[in-house]
Structure formats: structure tokens, C-alpha cells
Amino acid sequence: MKLLQVQDLAVHFHTRNGIVEAVNGVSFDVEAGKTFAIIGESGSGKSVACYSMLGLVPMPPGRIESGKVLFQEQDLLGLSERALRKVRGKGISIIFQDPMTSLNPYLKIGDQLTEPLRQHFGMDKKTAWQKGTEILEEVGIQNAAARMNAWPFEFSGGMRQRVVIAMALVTEPEIIIADEPTTALDVTVQAQILRLLKELQQRRNIGVIFISHDLSVVSDIADEIAVMQNGKFVEQGDREAIFRNPQHDYTKMLLAAVPATQKKSDIVDAAPLVSLSNLVVEFPGGKGQEKIRAVDNVTLEIKPQEILGLVGESGSGKSTLGRAVLRLLTPTSGQVVFEEQDISEYSRSQMKPLRRRMQMIFQDPYSSLNPRMTVYDTLAEPLLLHKICNRKTLDAEVFALMDSVGLSRESVLRYPHEFSGGQRQRIAIGRAISTKPSFIVADEPVSALDVTIQSQILDLLLDLVNRFDLTMLFISHDLGVVRYLSDRIVVMKDGILVESGSVEAVFEHPTEDYTRALLDAIPGKRLFLDDAAESMEEGTIT
Amino acid sequence: MWRFIGFRFLQAIPVILAVITVTFFLVRAAPGGPFDQEKAVSDQVRAALEARYQLDLPMHEQYFSYLEDLFRGDMGPSFYYPGRTVNDLIFQGLPITAELGFYALVIALVIGCLAGVLAALKPNTAQDYVPMSVAMIGICMPSFLLGPLLVLIFGIWLDLLPVSGWGNSAGDKILPSITLGAMTAAYIARLSRSGMLEVLNQDYMRTARAKGLPEYVVVIKHALRGGLLPVVSYLGPAFAALLSGSFVVETVFQIPGLGRFYIQAAFNRDYTMILGTTVFLSTLIVFFNLLSDIVAAWLNPRLRYQFRK
């Protein structure tokens, strides 16, 4: 049964700098109990297409140029604001991307959860509260009755997303728009949330529009997929067709961007560049609470020119480990040896000459760059600080760095906000390699980026590692990414290294349940396996 | 929460002690004394006067005996008004200044918040530009200019309102209250505008709209609390601004409040009166800062939660 029919929808933004054709003639149907996935990079118009149906795109500057959106025998685009409000949150509700920001921090969970009920059904507070508690239980929140009185910040990201899902479901809508509902979450949590969504959808026969930038995420759940680029659907069809037989180049590129196994290695069998023995890092807990042991008795070695992948969920202590290796924090006990010196007790001034030999690349290219410094200043600062070059050779050195990380020389005087996320991460990488380090800690360097950009940045890192003989500790929660470039993998849980070994060993024969759970959680895992099976079949034929 | 309040109270003690000490020695270090008149006083009379008010004792003894008296709540006799104590004078002026300050604060809050919120709802339109331009003028214009200007317009040209006094004729409280509240209103307007703009751009506003809530619920229930938090934090400093502003306004409008006593005390070199009013007012300011911090913390569930632990 068709719940929603979108015909030839076009939304343009009329800005001072001209017209932006955000959505340009898209048509699709959403059926009960089915999932329609829209895939595209940020800025491709997928969110605008969905929000404009509900009048949630600011107008002006937005304007609906053409189209019809039929829902419950009315054209949503022709409805008044008042009539549209009756559809929002009741007939069609939305699950937003970032559960950390999509809940109001000043209102209790229960208040926010029951709000749609009170608005649309005029329920009294008590009945609504009862119903809210039930739905909270249904999405898997323990002790729901008490949690209704909790504040959003008392929940973890995954739990908040469950609350957001509960909020979307509470009025029993016919259609849910899920806008990147798992992008901000850990892989294991992502798998739980996707499973939950699927279950609820089938139980209630809801039609879902699933928006994502990541093909692999929807590979398990979508019935039909549309690939969107520059406001248009470049390809549209059922899931099997898209994955098996992509027609459009862009779809092929997206499929290729799903990281698969790669990475050669010829690791020098030499003394380790970095070695940790029995490393412990503790943080003080709250008053009267126990200390939090973020890193618990970790021993490992990193050989020169090796890329070691460090995997774990957020909160597993992997970032703390990375910071302890660079002595950005002081370990509670244990040793950190770098280039055959025990640096675990080094003072700030003792560390200074070593700093240029060890660098860090951070996750968020938006916040790790100083917004008031041009690229030139950002790159020149470490060069001058560590006296790598003098004022005369500075220009040449900065330009060489720009070339190395693939940025055009013309953009050297621009500020960070003038760059895209991927370009910013290139700047951050340029800053890290500017001091000619031997060792780099890369802490989730691609998690904030679109998939196609991800693979470009990963390739850049690989290229730089080979070109400059770098050694790298690569931290990520994403096994697919780690597998792409690591020589060896260690898995961390609750501060403890639970598993380590070569990429193949960990992927093919995980010994720990936890590693298996992480592997199972990779979206689109089916994709790899199917591909593997397929290539084997082909092998037998040829 | 109680620990937080207790801690903040303890923090206030050194502040107030520092105010007392600095003021105590500064007034004495300034040239001239309380008994220097145009007409020279004979040495015997001066010595008798100084002995009477203990000014002949060594400085540190004066200081500690003053502290001791202060601790008992006695701010000493006025050096200028014979037979009257500083406590008397302060509590004579305080009700008037407090009333003036209260009206000014209400005006500032109502007008400021209203203008700021309306401006934030339609940014970069006339609804934003007009109140914000007025607010800018309000910030730039000192009350010793605004006061006489209002007097000129409403008192003299339009002849609508009385131009001086307090509680003597109908409506004589209006102009001073507006004059005093204007600058604070302007600040609050700007604060609430930027606070609201920030909140209105948050993702959770979109969540609220996506639920199908009418716009007024979205604004009142979801935006106001977060958006007006900066205003609450500003109330402490605003109170200080109103107090110091009231000295000027009381002079302009001939109001017999605390501020006028304060200024006269400075002219008269009335040591105990200067000290007494300074200590009293700074204690009030510290207290109101503390109060606004507590309210801001209470409005922010995250902070409230931390204090509960």
C-alpha cells in the first residue's frame, strides 16, 4: 500500500549569491512496512527533500518550485501551516541525526516524549506519561518509569537516540523519516539502533524514509534505494539491483568507497619505535567515587613504519592511550619508550625536543584548527617553533607541504571556514607532518567525513606513510577503515587490550566475543562477504 | 546545591573584608579630614573632636575597633551629622533607593527581554533593527544626559510628569525609574537577543517543530529557558549597575535616597559614612551576584545535577 507519493518535487534556495537548486525534480513512493533509502553526500539535497514536505525548510530563502506530495489523500505542499502541523509528528515524524543536539537540554525526557501526545490527541498529563513510559520500554530503555524524569544529559548517545526514536513513534505515525539516525553513533550501537528500527517498523507496518551518506549502512535494511547527487536521483531501484548492478558512475564510486581489504606491508624487523609496558592511566572520579581506570595495564610495541590500528568503542580508553603515548598526559604507572628513551617521567621541557618527532591528527577538522589563522599561519607556526626552517625558506616549505597533502597553493591565505571538511583534515595532516615526525597518532581522523572523502584521506595517509617512512598509531571505532590501512590491529575494551594480531587473523578468526561483536556490527558486512563469495565463484568459472 | 551556596558565601567573605580594608585606609589617606572646614577650628576643639571619634588613636587600633563594631552591626556615628549614626542614615535612604531600583529593574527586564526576544524571532528585519538600534543608543547615552532630556521632553515641553521629588506628587516616580532602567534594559535586550538567537538555531528547535507544536509553544516552552539564561546571569552585575546608576539619577531628580547620602558623605569627608555605605552596598552587590548565580545554576539542569552529587 502506498502511504506517500512524491512527484517531481523541486526545492530551490533563492540566496543573495543566486539560486541553489537543492532538490530538482525527484519522485518516489513510500510503502507501508517498507524502507526507502536516499543515499547521497552532504549537500546533495536529501534532507531538504524530506524536510520540505513537512514545511520544515525555512522559506524564504527556500521555495518549492514544483511537485506534489500526496499523503492521506491530500497534497502536503498545498496545506496551510496550521493543517501541516497536524501532519507533523502525528502522520509523519522525524528521527534526527545527532541525538546529542536534537533533544532539548532544559526539559525532562518525559516532558519531551509526551509533548506530541498532548499536542495531537489532547491527552491529559497522566495518560500521556503512562503511554510515554510504555514506548520508552519498547525502545529498550531499562527502568523506563524512573527514566522519564531524567534529563537528556544523563543518557549516552545511543540511549538518547532511542529516546528520539521513541519520540517519533509515540504518536504511532504512518511514516518515519530517519535522517542519518546512526551516523553519530558507535558501530555496535549503530547495529542495535538499526535492528531496533527494523523491528519497530515491521511490528507497526510503518513506512520509513532512510537518509544516509553511507551505502553500507542501508545495505541491510533498505527495500528500495535512490542515489542522490546535486538535487537529483541519479539512480533508483531495489536494493539488489543497486548493489549488484549499479548503472550510474556515481553509484559505482559510492560502492567503491566502501573500504575493503587493502594495504601492503614491508615492515622493517627492527627495534620498536614505540613501546608501552604495563601502562596505566587513571582519572580521578567524582568526590568519594573510585578512580576511573581508562587504560589498564597495556603492553604493546609499534615497529618503525608500521601502521597499528587501535579499535574499540567510545569510552574504551583508546584516545586516552593515544594521548598517553604522546605524553599529552602523564601515565599513572608503567613505561612509555619512544626512540629508546623512557619518556614516561619526562618533564615538559625534556619533552620539547621530542615533540617535533611525534605528532597528532585529531578527529574533528572543524574544531582542531584555529579559525582566526590562515592555512599559511597554521602550517608556518610549527616550522618556526621547531626552527625547521628560517623566514627565507618558509614560503617554499609551506608550499611544499600544501603540495604533499594535495591542497592548491592558491588557497594558502584562506581561513579554515573556507574549506570543506576533507580539505580541513588535509590542513590538519599538513600541520602534523610539517615537523617531519617519525611517529603520528591519528585519532579517528576520518570519522567526521563523508565516505568518498574518507577514502581520499585514507589514501593520502597511506601515501604519506610510505613517502616519509612514518610510523602510525591509527585509532578508530570503524573496523572497515582500520582494516583498509593497518598492518596490525589491537582491540581495546574497558581500558584492556583484548585482542591483537595481523589484520587477517583478527578479521578471519577473532578469538574474543567482543571483537566478534564489533565485526558483526560493521554495516554492510554482508556486502564484503557477498563480494568475497562472488569473486570465488567467478574464480571457479574462469 | 547547599554546598555550592555555602562555598560561594565563604568566597564572599574575603571580598568584603578587602573592600573594608581598602576603603578604610583610602579615605584616611586622602588629603583633608572630616573637621577641616572653611573656617579654621582651634587646636583644642580639633583635639577634642578627634578624641571623641577616636581619631587620635594609631591607625591599626582604629581599624580593628572599627572591625569589631562592624561585626556587631554597628557602623559607628556619622562625623558630619552630629548625634546620628550611620545605621540610621542608611536605613533612612535605603527604602527609597530600593524602590527606585526595583522599578528600574522591572522596567529593564520587561522591556529588555521583550525587545530582545522579538528581535531574535525575526533577525535582520525591521523587527530586529529598530529595537536593537534603540538599545544601542540606550547603551551609549549616560543617565546624566538621558535624565535631563526626559525632563525636558515630558516635564517641560509636554508638561505631563513632575520632574523632581519622590512620592510627593503623582507620577514623580516614573521618569527616574525609566532613566535608571534604560541602560540596563538596553543591555538585557542585546543579551536576550543573542541568547535567543543561539537557542533558536539549535537542532532541538527543529525537533520541536517536527513534533507539530505551534510556534508559540516552540518559543515559550523550548527556547525561552535556554535563551534567557544569560540574562539571569547578568542580573547580579545589573543590580550593581542600578545601584551605582541610582547615585546619578537621585542627584538629577532630587531624590533623598542612599546615593545622595553617599555622594554627600564623600564631599564632607564623613569617614564612617563613606565606609558604612561602601561596605553596605558592596555586601549587597556580592549578595545579589551570588543570588543570580544560584538562580542560573538552578535553571540549568546540568549544573543542578552536579550540585546534587
Side-chain angles (χ1 to χ4, degrees), chain A residues 47 50-51 54-58 81-109 111-120 149-154 160 163-164 167-168 170-171 173 176-177 179 184 285-289, chain B residues 1-4 6-7 120-128 192 195-233 295-309:
Chain A
S47 298
C50 293
Y51 293 164
L54 291 173
L56 289 172
V57 168
E81 172 69 19
R82 178 186 274 272
L84 210 48
R85 272 209 301 268
K86 296 208 169 85
V87 177
R88 279 186 214 147
K90 188 183 178 196
I92 304 178
S93 51
I94 305 182
I95 300 167
F96 292 99
Q97 171 171 1
D98 189 352
M100 302 316 258
T101 58
S102 56
L103 289 170
N104 189 332
Y106 300 110
L107 292 174
K108 286 183 179 171
I109 294 294
D111 285 327
Q112 301 189 52
L113 195 54
T114 54
E115 218 174 9
L117 291 173
R118 294 169 52 85
Q119 177 66 31
H120 293 295
N149 281 311
W151 301 96
F153 61 82
E154 296 178 61
R160 284 197 209 189
V163 172
V164 173
M167 214 156 77
V170 76
T171 51
I176 287 184
I177 298 171
D179 186 3
K287 283 272 162 60
Q289 284 168 322
Chain B
M1 190 80 191
W2 289 111
R3 268 185 52 189
F4 165 74
F7 182 67
L121 288 179
K122 291 230 164 100
N124 303 324
T125 61
Q127 191 176 323
D128 180 15
S192 53
M196 284 298 284
L197 268 185
E198 199 182 321
V199 170
L200 286 170
N201 281 321
Q202 296 288 322
D203 285 352
Y204 59 83
M205 287 295 127
R206 195 179 54 187
T207 311
R209 291 198 183 96
K211 285 178 185 171
L213 302 176
E215 197 60 25
Y216 72 91
V217 177
V218 172
V219 171
I220 292 174
K221 187 169 170 190
H222 286 265
L224 274 189
R225 196 201 268 230
L228 294 186
L229 257 185
V231 176
V232 177
S233 310
V295 174
W298 178 75
L299 280 176
N300 190 338
R302 183 152 221 162
L303 289 173
R304 204 186 325 165
Y305 183 80
Q306 280 169 3
F307 299 141
R308 211 166 54 201
K309 289 203 147 172

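Proteins come first, then strands; the chains are lettered A, B, ... in the order of their sequence lines, and each starts at number 1.
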- Query: What's the shortest heavy-atom distance between A:Y106 and B:G226, and which atoms?
  - Reply: CE1-CA, 3.2 Å
- Message: Looking at every heavy atom in both A:L84 and A:L54, which two are closest together, and how far apart are they?
- Response: CD2-O, 3.5 Å
- Locate the shortest heavy-atom distance separating B:L229 from B:A296; write the atom from each residue and the value. CD2-O, 3.8 Å
- chain B contact via A:I94 - which portion, at a heavy-atom distance below 4.5 Å: side chain
- Is it the backbone or the side chain of A:P173 that comes under 4.5 Å from a heavy atom of chain B, or both, or neither? neither
- Residue pairs passing the side-chain hydrogen bond (donor to acceptor under 3.5 Å, both in side chains) test where at least one lies in residues 84-94 of chain A, sequence neighbours excluded: A:E81-A:R88
- Query: Which value, rounded to the nearest 0.5 Å, describes the distance between B:K122 atom NZ and B:D128 atom CG?
  - Reply: 11.5 Å
- Task: Heavy-atom pairs under 4.5 Å with chain B are the metric here; pick the option from A:E115, A:Q112, A:H120 that has the most.
- Result: A:E115
- Task: Tell me the residues of residues 196-206 of chain B whose non-hydrogen atoms fall below 4.5 Å from those of chain A, in number order.
- Result: B:D203, B:Y204, B:R206
- Options A:N104, A:T171, A:T101, ranked by heavy-atom pairs under 4.5 Å with chain B, top entry: A:N104
- Spacing of B:T207 atom OG1 and A:L56 atom CG [to the nearest 0.5 Å]: 10.0 Å
- Determine the minimum heavy-atom distance between A:L107 and A:P152, stating which atoms define it. O-CD, 3.3 Å
- Report the option among A:G55, A:P105, A:A168 that has the most heavy-atom pairs separated by less than 4.5 Å from atoms of chain B. A:P105
- Query: Atom CE of A:M167 and atom CZ of A:F96: how far apart are they, to the nearest 0.5 Å?
  - Reply: 8.0 Å
